[in-house]
Q: 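Sharing a structure with you now.
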Amino acid sequence: MNKDLLSLAELTADELWHLLNVAQELKDEWKGGGNQPILMGKTLGMIFQKPSLRTRVSFEMAMHQLGGHAMYLSPEEIQLGRRESVPDVARVLSRFVDCIMARVFSHKDVQTLAEYSQVPVINGLSDHSHPCQGLGDLLTMMEHKGNLRGLKLAWCGDGNNVLTSLLFGAARLGIDVAVATPIGFEPPSDVLEVAFRFAQENSSEIDIGHNPNDAVRDADVIYTDVWTSMGQEAEKEQRLRLFPPYQVNSTLIANAKPDVIVMHCLPAHRGEEITDEVADGPNSVLWDQAENRMHAQKAVLAVLLANK
Ligand code: CP
Ligand code: NVA
């Protein structure tokens, strides 16, 4: 694996499988009474330009459970690129900590941090992608479905950062993906180019369309996310007008397989992209999915910092 984890596209299929297997091992160990302190004495600096519940707490607990320490650095504290240049933040912080996790607006910033940091940098969400979410999600699918190859995942809603990571991970591991977005909200063309290449190499299929009923037909997994991501607030009204046909509700999921699992990276805007009935219903795996962020990130930290 590279020094950093900025995008799931950087990982080979073998590296992805390795991370998922380590995550499963660490989860089993934790469920069985606690993890070995393999990160004793290690510290993680966590830079946030945006709010977070899951990413902050799951990284903090991941470090704690592996015997290390995590430090939260709020948007006001660091003021990435305003109080101090991004390269200087990377130069200084990497003299103090063993690893940096950053949640940024522009993906360029996490790339610059990685370029100037002596220690590994992990992307904790950028406008481009959300690799730690993608890893936790693959772990959740593996647990609930027993295998990944041959599954059909349907995405309903915005062609956003979370979808980008899922496309890279799914295409590498042989999961078929059917996407339904409003016209003009498809994933970026550079993302699709890479995802289609991975899909071709791994015999998986990617279909980019606009009809949610077609996308979810016979799906094993239905995934949705907020219609307006952090940083896109100015487009909220326009998006609220365009996205309602893509809501994941009971009528829509009836077109999928009866044992379909419904996923959402959270936070959810209940009543918009997902109804209460589905989020709290028998097909929902939302809380397992949230928990698995912690186990997946433990695997990333263990591989990057303890050569697991
Ligand atoms: N899914 C996710 O990354 O949640 P947070 O924004 O709360 O970290
Ligand atoms: N797409 C969402 C994910 C939040 C975890 C956002 O970027 O705001």
Side-chain angles (χ1 to χ4, degrees), residues 5-8 23 44-63 70 72-75 100-110 122-141 153 155-169 179-182 185-188 191 221-236 238-240 242-243 246-248 262-270 272-274 279 284-298 300-301:
L5 177 58
L6 305 185
S7 163
L8 287 193
L44 172 73
M46 306 192 294
I47 301 175
F48 282 91
Q49 284 190 320
K50 299 174 179 173
S52 170
L53 165 61
R54 279 144 292 272
T55 304
R56 186 211 166 148
V57 180
S58 58
F59 264 106
E60 200 158 325
M61 291 313 295
M63 285 303 287
Y72 171 71
L73 300 159
S74 73
I100 296 170
M101 189 281 293
R103 166 165 287 193
V104 297
F105 285 97
S106 164
H107 191 64
K108 187 87 199 63
D109 283 345
V110 78
I122 301 170
N123 176 6
L125 180 147
S126 68
D127 57 353
H128 170 267
S129 62
H130 198 0
C132 299
Q133 184 69 52
L135 275 177
D137 295 342
L138 291 168
L139 179 64
T140 307
M141 291 178 222
L153 183 156
W155 174 278
C156 298
D158 187 22
N160 67 15
N161 47 1
V162 172
L163 174 58
T164 291
S165 293
L166 283 172
L167 279 171
F168 292 153
V179 173
T181 71
F185 294 86
E186 303 84 4
V191 166
V221 182
I222 296 177
Y223 203 122
T224 190
D225 185 13
V226 289
W227 293 337
T228 304
S229 285
M230 293 180 278
Q232 300 172 330
E233 289 75 11
E235 298 172 20
K236 188 171 169 213
Q238 181 211 8
R239 287 167 175 266
L240 274 173
L242 292 171
F243 280 77
Y246 297 85
Q247 183 186 66
V248 173
V262 176
M263 302 182 73
H264 190 310
C265 59
L266 303 174
H269 288 173
R270 287 164 174 261
E272 291 182 15
E273 75 277 1
I274 192 165
S284 165
V285 298
L286 266 47
W287 323 118
D288 290 345
Q289 198 186 343
E291 178 187 322
N292 279 338
R293 287 290 303 281
M294 181 170 76
H295 305 298
Q297 287 157 198
K298 273 194 228 170
V300 173
L301 293 163

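Whatever order the structure lists them in is the order used to number ligands and atoms, beginning at 1.
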Q: Does ligand 2 have an atom that lies less than 4.0 angstrom from a heavy atom of Thr228?
A: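 No, Thr228 has no heavy atom closer than 4.0 Å to ligand 2.
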Q: As an exercise, identify every atom of ligand 2 less than 4.0 angstrom from a heavy atom of Leu266.
A: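 Numbered from 1, ligand 2 contributes 5 (C).
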Q: Write out the residue and atom name of the closest protein heavy atom to atom 4 (C) of ligand 2, then the distance separating them to 0.1 Å.
A: Leu125 CD1, 3.8 Å
Q: I need the contact type for Leu125 against ligand 1. Using non-hydrogen atoms and a strict under-4.0 Å cut-off, is it side chain, backbone, both or neither?
A: neither
Q: Does ligand 1 have any atom that is closer than 4.0 Å to a heavy atom of Arg293?
A: yes
Q: Report yes if Cys265 has an N/O atom closer than 3.5 Å to an N/O atom of ligand 1; otherwise report no.
A: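 By distance alone, the answer is yes.
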Q: Can you tell me the protein heavy atom closest to atom 6 (O) of ligand 1 and the distance?
A: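 Ranking protein heavy atoms by distance from atom 6 (O) of ligand 1, first comes Arg103 NH1, 2.7 Å.
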Q: Looking just at side-chain N and O atoms, do Thr224 and Glu273 make a donor-acceptor pair shorter than 3.5 Å?
A: no
Q: Identify, for atom 4 (O) of ligand 1, the protein heavy atom at the shortest distance, and state residue, atom and that distance.
A: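 The closest heavy atom on the protein side is Arg54 NE, 2.8 Å.
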Q: Look at atom 7 (O) of ligand 1 and say which protein heavy atom is nearest, naming residue and atom and giving the distance to 0.1 Å.
A: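 Here the closest protein heavy atom is Leu53 N, 2.6 Å.
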Q: What do we get for Gln133 next to ligand 1 when only non-hydrogen atoms under 4.0 Å count, side chain, backbone, both or neither?
A: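 The answer is the side chain.
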Q: Nearest protein heavy atom to atom 7 (O) of ligand 2, by residue and atom, and its distance?
A: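 Answer, as residue, atom name and distance: Asn161 ND2, 2.9 Å.
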